[in-house]
Number of protein chains: 2
Amino acid sequence: MNQSNGALKDILRKEGLRYTNQRQSIWDEIRSNHDHRDAEDIYISIRNNGVNVSRATVYRTIDVLVKNRFVRKMDLGEGRFRYEPRLDDKHHDHMVCEETGDIIEYFNQELEDLQEKIANEFGYTVVRHVHQLFVKPLKK
Amino acid sequence: MNQSNGALKDILRKEGLRYTNQRQSIWDEIRSNHDHRDAEDIYISIRNNGVNVSRATVYRTIDVLVKNRFVRKMDLGEGRFRYEPRLDDKHHDHMVCEETGDIIEYFNQELEDLQEKIANEFGYTVVRHVHQLFVKPLKK
DNA sequence: TTCCTTATTGAGAATGAGTCTCACAGGTAA
DNA sequence: TTACCTGTGAGACTCATTCTCAATAAGGAA
Ligand SMILES: [Mn+2]
Ligand SMILES: [Mn+2]
Ligand SMILES: [Zn+2]
Ligand SMILES: [Zn+2]
(Lines give C-alpha, C1' and ligand atoms only; values in the text may rest on other atoms or scores of the structure.)
(Ligands and ions follow the chains in the order given, each with its own letter.)
Protein backbone atom coordinates (compact mmCIF):
# COMPACT_ATOMS: atom_id res chain seq x y z
CA MET A 1 0.00 0.00 0.00
CA ASN A 2 0.95 3.59 -0.54
CA GLN A 3 0.70 4.45 3.05
CA SER A 4 2.97 1.88 4.63
CA ASN A 5 6.43 2.85 5.62
CA GLY A 6 8.50 0.75 3.28
CA ALA A 7 6.44 1.66 0.25
CA LEU A 8 8.58 4.67 -0.57
CA LYS A 9 11.58 2.45 -1.17
CA ASP A 10 9.48 0.34 -3.51
CA ILE A 11 8.44 3.15 -5.78
CA LEU A 12 11.91 4.63 -5.81
CA ARG A 13 13.29 1.24 -6.85
CA LYS A 14 10.61 0.94 -9.52
CA GLU A 15 11.54 4.37 -10.83
CA GLY A 16 15.25 3.57 -10.74
CA LEU A 17 15.81 6.23 -8.11
CA ARG A 18 17.85 6.05 -4.94
CA TYR A 19 16.41 6.06 -1.47
CA THR A 20 17.62 9.16 0.38
CA ASN A 21 17.00 10.84 3.70
CA GLN A 22 15.61 13.90 1.95
CA ARG A 23 13.04 11.89 0.02
CA GLN A 24 11.98 10.05 3.15
CA SER A 25 11.70 13.30 5.15
CA ILE A 26 9.56 14.93 2.51
CA TRP A 27 7.15 12.00 2.29
CA ASP A 28 7.07 11.76 6.09
CA GLU A 29 6.20 15.42 6.38
CA ILE A 30 3.40 15.26 3.80
CA ARG A 31 2.05 12.12 5.44
CA SER A 32 2.12 13.66 8.87
CA ASN A 33 -1.26 15.33 8.48
CA HIS A 34 -4.22 15.50 6.14
CA ASP A 35 -3.96 19.18 5.34
CA HIS A 36 -3.97 20.66 1.88
CA ARG A 37 -0.62 22.44 2.02
CA ASP A 38 1.46 24.27 -0.55
CA ALA A 39 5.10 23.48 -1.30
CA GLU A 40 6.40 26.32 0.83
CA ASP A 41 4.41 25.16 3.88
CA ILE A 42 5.81 21.68 3.48
CA TYR A 43 9.34 23.02 3.00
CA ILE A 44 9.12 25.19 6.13
CA SER A 45 7.72 22.35 8.23
CA ILE A 46 10.55 20.03 7.26
CA ARG A 47 13.13 22.68 8.13
CA ASN A 48 11.40 23.35 11.45
CA ASN A 49 11.94 19.69 12.18
CA GLY A 50 15.64 20.39 11.87
CA VAL A 51 16.06 18.62 8.54
CA ASN A 52 17.95 20.55 5.90
CA VAL A 53 16.42 20.15 2.45
CA SER A 54 16.25 22.59 -0.40
CA ARG A 55 13.14 23.85 -2.10
CA ALA A 56 14.36 22.26 -5.32
CA THR A 57 14.42 18.86 -3.66
CA VAL A 58 10.97 19.39 -2.21
CA TYR A 59 9.56 20.13 -5.65
CA ARG A 60 11.49 17.30 -7.29
CA THR A 61 10.36 14.77 -4.70
CA ILE A 62 6.75 15.91 -4.78
CA ASP A 63 6.74 15.23 -8.52
CA VAL A 64 7.78 11.64 -7.88
CA LEU A 65 5.18 11.25 -5.15
CA VAL A 66 2.43 12.69 -7.33
CA LYS A 67 3.41 10.46 -10.25
CA ASN A 68 3.20 7.42 -7.99
CA ARG A 69 -0.09 8.46 -6.42
CA PHE A 70 1.29 8.98 -2.93
CA VAL A 71 0.30 12.62 -3.16
CA ARG A 72 -2.49 14.51 -4.84
CA LYS A 73 -1.76 17.89 -6.39
CA MET A 74 -4.60 20.37 -6.53
CA ASP A 75 -5.19 23.80 -7.94
CA LEU A 76 -7.72 25.93 -6.12
CA GLY A 77 -7.05 28.92 -8.34
CA GLU A 78 -4.78 30.58 -5.80
CA GLY A 79 -1.75 30.82 -8.07
CA ARG A 80 0.10 27.94 -6.46
CA PHE A 81 -0.58 24.26 -5.96
CA ARG A 82 -1.62 22.49 -2.83
CA TYR A 83 -0.81 18.91 -1.95
CA GLU A 84 -2.43 16.27 0.23
CA PRO A 85 -1.33 12.72 1.07
CA ARG A 86 -3.38 9.94 -0.52
CA LEU A 87 -3.35 7.80 2.55
CA ASP A 88 -6.43 5.74 1.87
CA ASP A 89 -6.68 6.75 -1.75
CA LYS A 90 -10.44 7.21 -1.70
CA HIS A 91 -11.50 9.78 -4.24
CA HIS A 92 -13.08 12.97 -2.99
CA ASP A 93 -13.69 16.48 -4.17
CA HIS A 94 -13.42 19.76 -2.28
CA MET A 95 -15.68 22.46 -0.98
CA VAL A 96 -13.99 25.69 0.12
CA CYS A 97 -15.72 28.04 2.53
CA GLU A 98 -15.07 31.55 1.26
CA GLU A 99 -15.59 33.00 4.72
CA THR A 100 -13.30 30.81 6.76
CA GLY A 101 -11.07 29.17 4.18
CA ASP A 102 -12.06 25.76 5.51
CA ILE A 103 -11.73 22.94 3.05
CA ILE A 104 -14.41 20.27 3.30
CA GLU A 105 -14.05 16.97 1.50
CA TYR A 106 -17.02 15.25 -0.05
CA PHE A 107 -17.75 12.35 -2.30
CA ASN A 108 -20.95 11.81 -4.21
CA GLN A 109 -21.30 8.82 -6.50
CA GLU A 110 -24.26 10.33 -8.30
CA LEU A 111 -22.11 13.30 -9.28
CA GLU A 112 -19.31 11.03 -10.45
CA ASP A 113 -21.73 9.00 -12.59
CA LEU A 114 -23.44 12.07 -13.95
CA GLN A 115 -20.27 13.63 -15.22
CA GLU A 116 -19.32 10.44 -17.05
CA LYS A 117 -22.76 10.40 -18.61
CA ILE A 118 -22.34 14.00 -19.75
CA ALA A 119 -18.95 13.26 -21.30
CA ASN A 120 -20.42 10.22 -23.07
CA GLU A 121 -23.11 12.36 -24.61
CA PHE A 122 -20.38 14.33 -26.32
CA GLY A 123 -18.49 11.20 -27.40
CA TYR A 124 -15.87 11.30 -24.65
CA THR A 125 -14.91 9.50 -21.49
CA VAL A 126 -13.62 11.27 -18.41
CA VAL A 127 -9.91 10.88 -17.68
CA ARG A 128 -9.82 13.20 -14.68
CA HIS A 129 -11.97 15.97 -13.34
CA VAL A 130 -12.00 18.99 -11.10
CA HIS A 131 -15.04 19.72 -8.95
CA GLN A 132 -14.73 22.58 -6.54
CA LEU A 133 -17.57 24.23 -4.67
CA PHE A 134 -16.81 27.66 -3.24
CA VAL A 135 -19.42 28.08 -0.56
CA LYS A 136 -20.65 30.13 2.37
CA PRO A 137 -22.56 29.03 5.46
CA LEU A 138 -26.35 28.85 5.19
CA LYS A 139 -28.17 31.49 7.24
CA LYS A 140 -29.40 29.87 10.41
CA MET B 1 -27.18 44.29 -21.44
CA ASN B 2 -23.53 43.43 -21.18
CA GLN B 3 -23.15 42.80 -24.81
CA SER B 4 -24.41 46.04 -26.28
CA ASN B 5 -21.97 48.60 -27.44
CA GLY B 6 -22.64 51.44 -25.08
CA ALA B 7 -22.63 49.20 -22.02
CA LEU B 8 -18.91 49.63 -21.47
CA LYS B 9 -19.36 53.33 -20.84
CA ASP B 10 -22.08 52.53 -18.33
CA ILE B 11 -19.96 50.25 -16.19
CA LEU B 12 -17.01 52.60 -16.35
CA ARG B 13 -19.22 55.43 -15.16
CA LYS B 14 -20.63 53.25 -12.42
CA GLU B 15 -17.09 52.40 -11.32
CA GLY B 16 -16.01 56.03 -11.50
CA LEU B 17 -13.55 55.23 -14.28
CA ARG B 18 -12.85 57.10 -17.49
CA TYR B 19 -13.80 55.86 -20.90
CA THR B 20 -10.65 55.38 -22.99
CA ASN B 21 -9.78 53.99 -26.39
CA GLN B 22 -7.66 51.29 -24.79
CA ARG B 23 -10.50 50.03 -22.66
CA GLN B 24 -12.85 49.99 -25.63
CA SER B 25 -10.29 48.17 -27.81
CA ILE B 26 -9.71 45.51 -25.20
CA TRP B 27 -13.39 44.82 -24.72
CA ASP B 28 -13.93 44.83 -28.49
CA GLU B 29 -11.16 42.31 -28.96
CA ILE B 30 -12.45 39.94 -26.28
CA ARG B 31 -15.96 40.26 -27.65
CA SER B 32 -14.82 39.54 -31.18
CA ASN B 33 -14.96 35.78 -30.73
CA HIS B 34 -16.04 33.11 -28.31
CA ASP B 35 -12.63 31.57 -27.73
CA HIS B 36 -11.08 30.88 -24.38
CA ARG B 37 -7.95 32.98 -24.76
CA ASP B 38 -5.17 33.98 -22.41
CA ALA B 39 -4.06 37.56 -21.77
CA GLU B 40 -1.12 37.32 -24.14
CA ASP B 41 -3.31 36.09 -27.00
CA ILE B 42 -5.65 38.99 -26.45
CA TYR B 43 -2.77 41.45 -26.22
CA ILE B 44 -1.21 40.18 -29.47
CA SER B 45 -4.53 40.31 -31.31
CA ILE B 46 -5.14 43.90 -30.33
CA ARG B 47 -1.66 44.89 -31.48
CA ASN B 48 -2.17 43.03 -34.75
CA ASN B 49 -5.17 45.26 -35.27
CA GLY B 50 -2.77 48.18 -35.16
CA VAL B 51 -3.87 49.41 -31.76
CA ASN B 52 -1.08 50.15 -29.31
CA VAL B 53 -1.88 49.04 -25.79
CA SER B 54 0.40 47.74 -23.09
CA ARG B 55 0.15 44.39 -21.35
CA ALA B 56 -0.40 46.24 -18.07
CA THR B 57 -3.48 47.94 -19.50
CA VAL B 58 -4.79 44.65 -20.85
CA TYR B 59 -4.55 43.08 -17.42
CA ARG B 60 -5.97 46.12 -15.66
CA THR B 61 -8.93 46.34 -18.03
CA ILE B 62 -9.65 42.63 -17.89
CA ASP B 63 -9.97 42.98 -14.12
CA VAL B 64 -12.68 45.60 -14.57
CA LEU B 65 -14.47 43.50 -17.18
CA VAL B 66 -14.36 40.42 -14.97
CA LYS B 67 -15.63 42.34 -11.98
CA ASN B 68 -18.55 43.60 -14.04
CA ARG B 69 -19.34 40.22 -15.55
CA PHE B 70 -18.46 41.15 -19.10
CA VAL B 71 -15.73 38.54 -19.06
CA ARG B 72 -15.30 35.19 -17.38
CA LYS B 73 -11.88 34.27 -16.06
CA MET B 74 -11.02 30.59 -15.91
CA ASP B 75 -8.18 28.49 -14.65
CA LEU B 76 -7.66 25.22 -16.45
CA GLY B 77 -4.55 24.43 -14.45
CA GLU B 78 -2.21 25.58 -17.20
CA GLY B 79 -0.36 28.18 -15.14
CA ARG B 80 -2.15 31.12 -16.69
CA PHE B 81 -5.73 32.28 -16.92
CA ARG B 82 -8.03 32.14 -19.89
CA TYR B 83 -10.85 34.54 -20.60
CA GLU B 84 -14.09 34.37 -22.54
CA PRO B 85 -16.72 37.02 -23.22
CA ARG B 86 -20.03 36.57 -21.39
CA LEU B 87 -22.10 37.61 -24.35
CA ASP B 88 -25.32 35.87 -23.48
CA ASP B 89 -24.32 35.19 -19.90
CA LYS B 90 -25.71 31.67 -19.85
CA HIS B 91 -23.79 29.55 -17.40
CA HIS B 92 -21.83 26.60 -18.71
CA ASP B 93 -18.95 24.42 -17.64
CA HIS B 94 -16.05 23.07 -19.68
CA MET B 95 -14.82 19.75 -20.95
CA VAL B 96 -11.25 19.69 -22.27
CA CYS B 97 -10.12 16.96 -24.66
CA GLU B 98 -6.67 15.93 -23.56
CA GLU B 99 -5.84 14.66 -27.04
CA THR B 100 -6.82 17.65 -29.12
CA GLY B 101 -7.05 20.47 -26.61
CA ASP B 102 -10.60 21.17 -27.76
CA ILE B 103 -12.77 22.90 -25.20
CA ILE B 104 -16.40 21.79 -25.21
CA GLU B 105 -19.03 23.74 -23.30
CA TYR B 106 -21.86 21.97 -21.53
CA PHE B 107 -24.63 22.76 -19.14
CA ASN B 108 -26.52 20.23 -17.05
CA GLN B 109 -29.17 21.41 -14.65
CA GLU B 110 -29.12 18.13 -12.75
CA LEU B 111 -25.45 18.66 -11.98
CA GLU B 112 -26.07 22.23 -10.89
CA ASP B 113 -28.86 21.14 -8.56
CA LEU B 114 -26.89 18.23 -7.20
CA GLN B 115 -23.95 20.35 -6.15
CA GLU B 116 -26.22 22.76 -4.30
CA LYS B 117 -27.78 19.79 -2.55
CA ILE B 118 -24.35 18.50 -1.55
CA ALA B 119 -23.33 21.89 -0.17
CA ASN B 120 -26.60 22.11 1.78
CA GLU B 121 -25.89 18.77 3.41
CA PHE B 122 -22.77 20.33 4.88
CA GLY B 123 -24.59 23.50 5.94
CA TYR B 124 -23.42 25.67 3.06
CA THR B 125 -24.74 27.24 -0.09
CA VAL B 126 -22.73 27.42 -3.30
CA VAL B 127 -21.36 30.84 -4.22
CA ARG B 128 -19.44 29.71 -7.31
CA HIS B 129 -18.10 26.48 -8.60
CA VAL B 130 -15.56 24.95 -10.94
CA HIS B 131 -16.47 21.88 -12.93
CA GLN B 132 -13.94 20.71 -15.44
CA LEU B 133 -13.92 17.38 -17.21
CA PHE B 134 -10.64 16.37 -18.81
CA VAL B 135 -11.65 13.78 -21.35
CA LYS B 136 -10.58 11.65 -24.29
CA PRO B 137 -12.64 10.38 -27.22
CA LEU B 138 -14.58 7.14 -26.75
CA LYS B 139 -13.22 4.24 -28.80
CA LYS B 140 -15.41 3.75 -31.81
C1' DT C 1 -12.13 76.32 -26.35
C1' DT C 2 -8.66 76.46 -23.19
C1' DC C 3 -7.29 75.33 -18.63
C1' DC C 4 -6.69 72.43 -14.69
C1' DT C 5 -6.89 68.50 -11.96
C1' DT C 6 -6.41 63.71 -11.86
C1' DA C 7 -6.99 59.24 -13.74
C1' DT C 8 -4.79 56.40 -17.16
C1' DT C 9 -1.19 54.69 -19.73
C1' DG C 10 3.32 52.49 -21.38
C1' DA C 11 7.67 50.68 -20.44
C1' DG C 12 10.01 48.16 -17.88
C1' DA C 13 11.17 46.72 -13.06
C1' DA C 14 9.47 43.71 -9.50
C1' DT C 15 7.25 39.62 -7.74
C1' DG C 16 6.53 34.86 -6.76
C1' DA C 17 5.85 29.96 -7.76
C1' DG C 18 8.13 26.69 -9.88
C1' DT C 19 12.18 24.90 -12.81
C1' DC C 20 16.89 24.53 -14.15
C1' DT C 21 22.03 24.49 -13.72
C1' DC C 22 26.10 22.93 -12.03
C1' DA C 23 29.72 21.93 -8.74
C1' DC C 24 30.00 19.06 -4.96
C1' DA C 25 28.46 15.26 -1.84
C1' DG C 26 27.36 10.41 -1.12
C1' DG C 27 26.18 5.81 -2.74
C1' DT C 28 27.46 1.79 -5.52
C1' DA C 29 30.19 -1.67 -7.77
C1' DA C 30 34.47 -3.95 -8.67
C1' DT D 1 40.34 2.48 -2.82
C1' DT D 2 39.05 3.94 -7.05
C1' DA D 3 35.89 5.26 -10.65
C1' DC D 4 31.46 6.27 -11.65
C1' DC D 5 27.12 8.36 -11.32
C1' DT D 6 22.90 9.96 -9.08
C1' DG D 7 21.13 13.36 -5.76
C1' DT D 8 21.45 17.69 -3.58
C1' DG D 9 21.74 22.81 -2.35
C1' DA D 10 22.16 27.38 -3.72
C1' DG D 11 20.94 30.39 -6.48
C1' DA D 12 20.03 31.78 -11.37
C1' DC D 13 16.29 31.65 -14.39
C1' DT D 14 11.42 31.59 -16.42
C1' DC D 15 7.04 33.25 -17.12
C1' DA D 16 2.55 35.16 -15.92
C1' DT D 17 1.07 38.84 -13.57
C1' DT D 18 1.51 43.12 -10.77
C1' DC D 19 3.68 47.35 -9.60
C1' DT D 20 6.06 51.92 -10.26
C1' DC D 21 6.32 56.27 -11.98
C1' DA D 22 6.90 59.85 -15.41
C1' DA D 23 4.30 61.30 -19.31
C1' DT D 24 -0.29 61.65 -21.37
C1' DA D 25 -5.05 62.40 -22.00
C1' DA D 26 -9.98 62.50 -20.03
C1' DG D 27 -13.40 65.57 -18.93
C1' DG D 28 -15.34 69.17 -15.87
C1' DA D 29 -14.95 74.24 -15.07
C1' DA D 30 -14.91 78.65 -16.84
MN1 LIG E 1 -8.63 16.51 0.18
MN1 LIG F 1 -16.80 28.76 -22.22
ZN1 LIG G 1 -15.03 13.64 -8.02
ZN1 LIG H 1 -21.88 24.68 -13.62
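Letters A, B, ... are given to chains in the order of the sequence lines, protein chains preceding strands, and every chain is numbered from 1. Remember, it's a predicted structure, so these values are computed and weren't measured experimentally.
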Check: Does B:Ser54 make a side-chain N or O approach to OP1 or OP2 of C:dT9 shorter than 4.0 Å?
Finding: no
Item checked: Per A:Leu17 side chain, nearest of listed nucleotides D:dT17, D:dG7, D:dA26 -> D:dG7
Check: Which part of the nucleic acid, if any, lies within reach of A:Asp38 when heavy atoms closer than 4.0 Å are counted: base, sugar-phosphate only, or nothing?
Finding: nothing
Margin query: Distance check needed: C:dA7 P versus B:Arg23 CZ, whole Å only.
Written below: 11 Å
Next item on the list: Take atom NZ of A:Lys90 as the centre, draw a 6.0 Å sphere, and report whether it contains more than 12 heavy atoms from other residues, nucleotides or ligands.
Entry: no
Note to self: At 4.0 Å (heavy atoms only), tell me whether B:Gly16 reaches a base, stays on the sugar-phosphate, or touches nothing.
What the structure shows: nothing
Notebook entry, point to check: Which part of the nucleic acid does B:Arg60 contact within heavy-atom distance under 4.0 Å: base, sugar-phosphate only, or nothing?
Noted result: base
Margin query: How many whole angstroms separate atom CZ of B:Arg80 from atom P of C:dT15?
Written below: 25 Å
Notebook entry, point to check: What's the NZ-P distance between A:Lys73 and C:dA17, to the nearest Å?
Noted result: 14 Å
Notebook entry, point to check: Does atom CG of A:Asn48 have more than 12 heavy-atom neighbours, drawn from other residues, nucleotides or ligands, at distances under 6.0 Å?
Noted result: yes
Notebook entry, point to check: Can you check the A:Arg37 CZ to C:dG18 P distance for me, whole Å?
Noted result: 15 Å
Note to self: Please confirm whether the shortest side-chain N or O distance from A:Tyr59 to OP1 or OP2 of C:dG18 is below 4.0 Å.
What the structure shows: yes
Checklist line | Whole-Å distance separating the CZ atom of B:Arg47 from the P atom of C:dG10 | finding: 8 Å
Notebook entry, point to check: So, is B:Gln22 close to the C:dG10 phosphate, meaning a side-chain N or O under 4.0 Å from OP1 or OP2?
Noted result: yes
Notebook entry, point to check: Please give, in whole Å, the distance from D:dG11 P to A:Asn52 CG?
Noted result: 12 Å
Check: Would A:His129 and A:His91 count as a close aromatic pair, with their ring centres under 6.0 Å?
Finding: yes
Next item on the list: Could you tell me whether B:Glu84 and B:Arg72 have a side-chain N and a carboxylate O separated by less than 4.0 Å?
Entry: yes
Item checked: N/O donor-acceptor pair under 3.5 Å between A:Asp38 side chain and A:Glu40 backbone -> yes
Notebook entry, point to check: Does A:Thr20 place a side-chain N or O at less than 4.0 Å from the phosphate oxygens OP1/OP2 of D:dG7?
Noted result: no
Notebook entry, point to check: Would one find more than 12 heavy atoms of other residues, nucleotides or ligands at under 6.0 Å from atom CG of B:Asp113?
Noted result: yes
Check: Can you give the dot-bracket line for DNA chain C, using ( ) for pairs inside the strand, [ ] for pairs that cross earlier ones, | for pairs with another strand and . for unpaired bases, where Watson-Crick and G-U count if both distances are under 3.5 Å?
Finding: ||||||||||||||||||||||||||||||
Margin query: Between D:dA26 and B:Arg18, counting only base atoms on the nucleotide and side-chain atoms on the residue, is there a donor-acceptor pair under 3.5 Å?
Written below: yes
Note to self: How many whole angstroms separate atom OH of B:Tyr19 from atom P of D:dT24?
What the structure shows: 22 Å
Note to self: Ignoring hydrogens and geometry beyond distance, is the side chain of A:Arg55 in donor-acceptor contact with the base of D:dG11 at under 3.5 Å?
What the structure shows: no
Next item on the list: I would like to know whether A:His94 and A:Glu105 meet side chain to side chain contact (heavy atoms under 4.5 Å, CB included); could you show each step before the answer?
Entry: CA-CA 5 Å; A:His94 298 100; A:Glu105 302 183 336; 3.8 Å; yes
Check: Between A:Arg13 and A:Asp10, is there a salt bridge with N-O shorter than 4.0 Å?
Finding: yes
Item checked: A:Asp75 CG to C:dG18 C1', straight-line distance once rounded to whole Å -> 13 Å
